[in-house]
Amino acid sequence: GGSGASESAGAPVAAPAAAAAAAPAVGAWNIDESAPVTSIQLRLRDGSRLVARFNLTHTVADIRAFIASAKPGGAAEYTLQLSGFPPKQLTDNTQAVSDGLANSVIMQR
C-alpha cells in the first residue's frame with residue numbers, strides 16, 4: 001500500500017527536476033537539437049562571457065533575445081560585432097547564424 005503510493009508520487013517529481021538540471025540556465029531559450037547546432041561565445045559589456053548554443057537558422061535578433069534573457073535589465077541599446085580584424089558590426093537582425101556567425105566570438109559594445 002504505502003510504498004506503491006510513494007513511488008508513483010515520487011516519479012513525477014523526479015522528471016521535472018531532471019529536465020530542469022539538463023536545461024541551460026537561461027529561462028526561455030531553447031534550440032532544436034535535431035537541427036544543426038553551433039556554439040557562439042558572447043563577450044558582454046559588463047565583462048562577462050557566455051557560451052550559447054544556437055541553431056544555424058537562428059538570427060542576430062535571436063542572439064539579442066538570448067542576451068536579454070541571460071542578462072535581464074542589461075543595456076537595451078548596444079551594438080554587436082563579430083570579433084576579428086577589423087571587427088564587423090552586426091547591423092542586420094535578420095542575418096542567420098549560418099551566414100558567418102557559427103563558432104564565432106561576438107562582442108557587445
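Side chains included, hydrogens not; waters and symmetry mates left out as well; all remaining heavy atoms used. Here the structure is a predicted model, which means the values were calculated and not measured.
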Nearest heavy-atom approach of Pro72 to Ser69 is CD-O, 3.7 Å

When every non-hydrogen atom of Met107 is compared with those of Ser83, the smallest separation belongs to CE-CA, 3.7 Å

With sequence neighbours left out, the residues meeting side-chain contact (heavy atoms from CB on, under 4.5 Å) with Ser104 are Ile40, Leu82, Leu101, Ile106

- Message: So Leu80 and Gln89, do their side chains get closer than 4.5 Å, heavy atoms only?
- Response: no

Do you reckon Val105 sits in the same ILVMFWY cluster as Val60, going by side-chain contacts under 4.5 Å, direct or chained?
-> no

*Do Thr38 side-chain atoms and Asn103 backbone N/O form a donor-acceptor pair below 3.5 Å?*
yes

Nearest heavy-atom approach of Arg45 to Glu77 is NH2-O, 3.2 Å

Between the NZ atom in Lys71 and the CG atom in Leu44, the distance rounded to the nearest 0.5 Å is 6.0 Å

task: Given side-chain contact (heavy atoms from CB on, under 4.5 Å), test Ile67 with Leu42 step by step and report yes or no.
output: CA-CA 8 Å; Ile67 292 171; Leu42 302 169; 3.9 Å; yes

**Request:** Could you walk me through whether Ser34 and Asp32 pass the side chain to side chain donor-acceptor pair (under 3.5 Å) test, one step at a time?
**Result:** CA-CA 5 Å; Ser34 67; Asp32 180 355; 2.5 Å; yes

Of all heavy-atom pairs linking Leu56 and Ala96, the shortest is O-CB, 3.9 Å

Side chain to side chain donor-acceptor pair (under 3.5 Å) filter on Thr94, not counting sequence neighbours, yields Asp92

Sequence neighbours excluded, the answer for side chain to side chain donor-acceptor pair (under 3.5 Å) partners of Gln41 is Arg43

query = Is the backbone of Pro36 close enough, under 3.5 Å, to the side chain of Asn55 for a donor and an acceptor to pair up by distance?
reply = yes

Self-check item: Within 45° cone of Phe66 ring axis and under 6.0 Å: Arg53 NZ or CZ
Solution: no

Shortest non-hydrogen pair, Phe54 vs Ile31, comes out as CA-CG2, 4.0 Å

(request) Go through the steps to decide whether Leu90 and Gln81 satisfy the test side-chain contact (heavy atoms from CB on, under 4.5 Å), and finish with yes or no. (result) CA-CA 5 Å; Leu90 301 177; Gln81 55 189 41; 5.7 Å; no

Inset, instruction - Examine Tyr78 and Ile63 and state if one hydrophobic cluster contains both, with Ile, Leu, Val, Met, Phe, Trp and Tyr joined whenever side-chain heavy atoms are less than 4.5 Å apart. - result: yes

